[in-house]
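Since the structure comes first, as structure tokens, the remarks are kept for the end.
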Amino acid sequence: LAKTTQPISMDSYEGQEVNITCSHNNIATNDYITWYQQFPSQGPRFIIQGYKTKVTNEVASLFIPADRKSSTLSLPRVSLSDTAVYYCLLSNNAGNMLTFGGGTRLMVKP
Amino acid sequence: NAGVTQTPKFQVLKTGQSMTLQCAQDMNHEYMSWYRQDPGMGLRLIHYSVGAGITDQGEVPNGYNVSRSTTEDFPLRLLSAAPSQTSVYFCASSPRDLNTEAFFGQGTRLTVV
């Protein structure tokens with residue numbers, strides 16, 4: 001699976017929109033883009049997944065340009081409880097498991 | 001629903017001891033996997049299984065054994081614990097299609113002294 005690159009950390013304030021961009025220049029045709037959230041001392045939790053264009057659910061939006069070489073996770077109106085590490089991953093059906101990079105540590109301040 | 005259950009939550013071992021970390025899921029998922037997470041780092045895949053009776057190595061398999069005799073259970077065995085295996089271990093399961101959500105357990109914090 002291709003490698004992903006994300007910022008190591010980001011700061012934001014309550015009520016702001018946060019956009020975390022992930023670079024995956026070598027994404028394969030059958031790779032999906034998946035984002036997970038991890039709080040301290042807990043296992044990662046699925047946030048959102050997409051293949052192309054835009055996906056939205058009750059907690060986030062995922063924007064994927066046509067070339068799919070990057071993606072952006074958008075968290076609307078963050079709160080203190082959104083402080084966590086966010087991981088961008090590529091996944092496919094080739095039998096490989098999820099490959100985690102270092103993630104982005106988001107700190108939401110009051 | 002219990003989801004993915006890991007036991008124990010905490011464990012301290014002496015160098016050279018053996019132990020088994022337990023992982024069970026009640027969602028009838030075919031895929032199960034074990035990861036380790038060292039401080040300040042992302043998760044690294046140890047072993048995984050795509051179904052009962054089938055296991056394979058991940059990125060960091062040395063020092064660990066697994067088996068998958070049932071769909072529900074995927075234990076991770078440390079045959080001779082080393083300080084380098086001090087870490088937090090996570091088990092995960094997912095349906096056959098990897099392009100869906102994976103569910104993680106709460107983790108086992110292991111210290112080897």
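Please read these numbers as outputs of a predicted model, since none were measured by experiment. Chain letters run A, B, ... following the sequence lines, proteins first, then strands; residues in each count from 1.
Using a 4.5 Å cut-off between heavy atoms, A:Y36 contacts chain B through its side chain alone, with no backbone atom that close.
If you chain together hydrophobic residues whose side chains sit under 4.5 Å apart, A:V59 and A:L75 fall into the same group. Linking Ile, Leu, Val, Met, Phe, Trp and Tyr residues whenever their side-chain heavy atoms come within less than 4.5 Å places A:V85 and B:V88 in a single cluster. Hydrophobic clustering (ILVMFWY, side-chain heavy atoms < 4.5 Å, transitive): A:F63 and A:Y86 are in distinct clusters. Criterion: ILVMFWY side-chain heavy atoms under 4.5 Å apart, direct or through other members. Under it, B:L76 and B:L79 are not part of a common hydrophobic cluster. In the hydrophobic clustering of ILVMFWY residues, with side-chain heavy atoms under 4.5 Å counting as a link, A:V55 and A:V18 come out together.
Chain A forms the most heavy-atom pairs under 4.5 Å with one residue out of B:E59, B:Q37, B:M41, B:R44, and that residue is B:Q37.
Taking 4.5 Å as the limit, every side-chain heavy atom of A:F46 sits out of range of all side-chain heavy atoms of B:F104. Taking the side chain as every heavy atom from C-beta outward, A:T34 and B:E101 never approach each other to under 4.5 Å.
Close approach to chain A, defined as a heavy atom under 4.5 Å from one of its heavy atoms, is seen in B:Q106, B:R109 of residues 106-113 of chain B, taken by number.
Interatomic distance, OH of A:Y87 versus CG of B:L43, reported as 6.0 Å (0.5 Å rounding). In this structure, the separation between CZ on B:F90 and CD on A:Q38 is 5.0 Å, given to the nearest 0.5 Å.
By the side-chain contact (heavy atoms from CB on, under 4.5 Å) test, A:S9 is found to be paired with A:R105, residues two or more places apart in sequence or in another chain being considered.
In A:F39, the CZ atom is crowded: over 12 heavy atoms of neighbouring residues, nucleotides or ligands sit closer than 6.0 Å.
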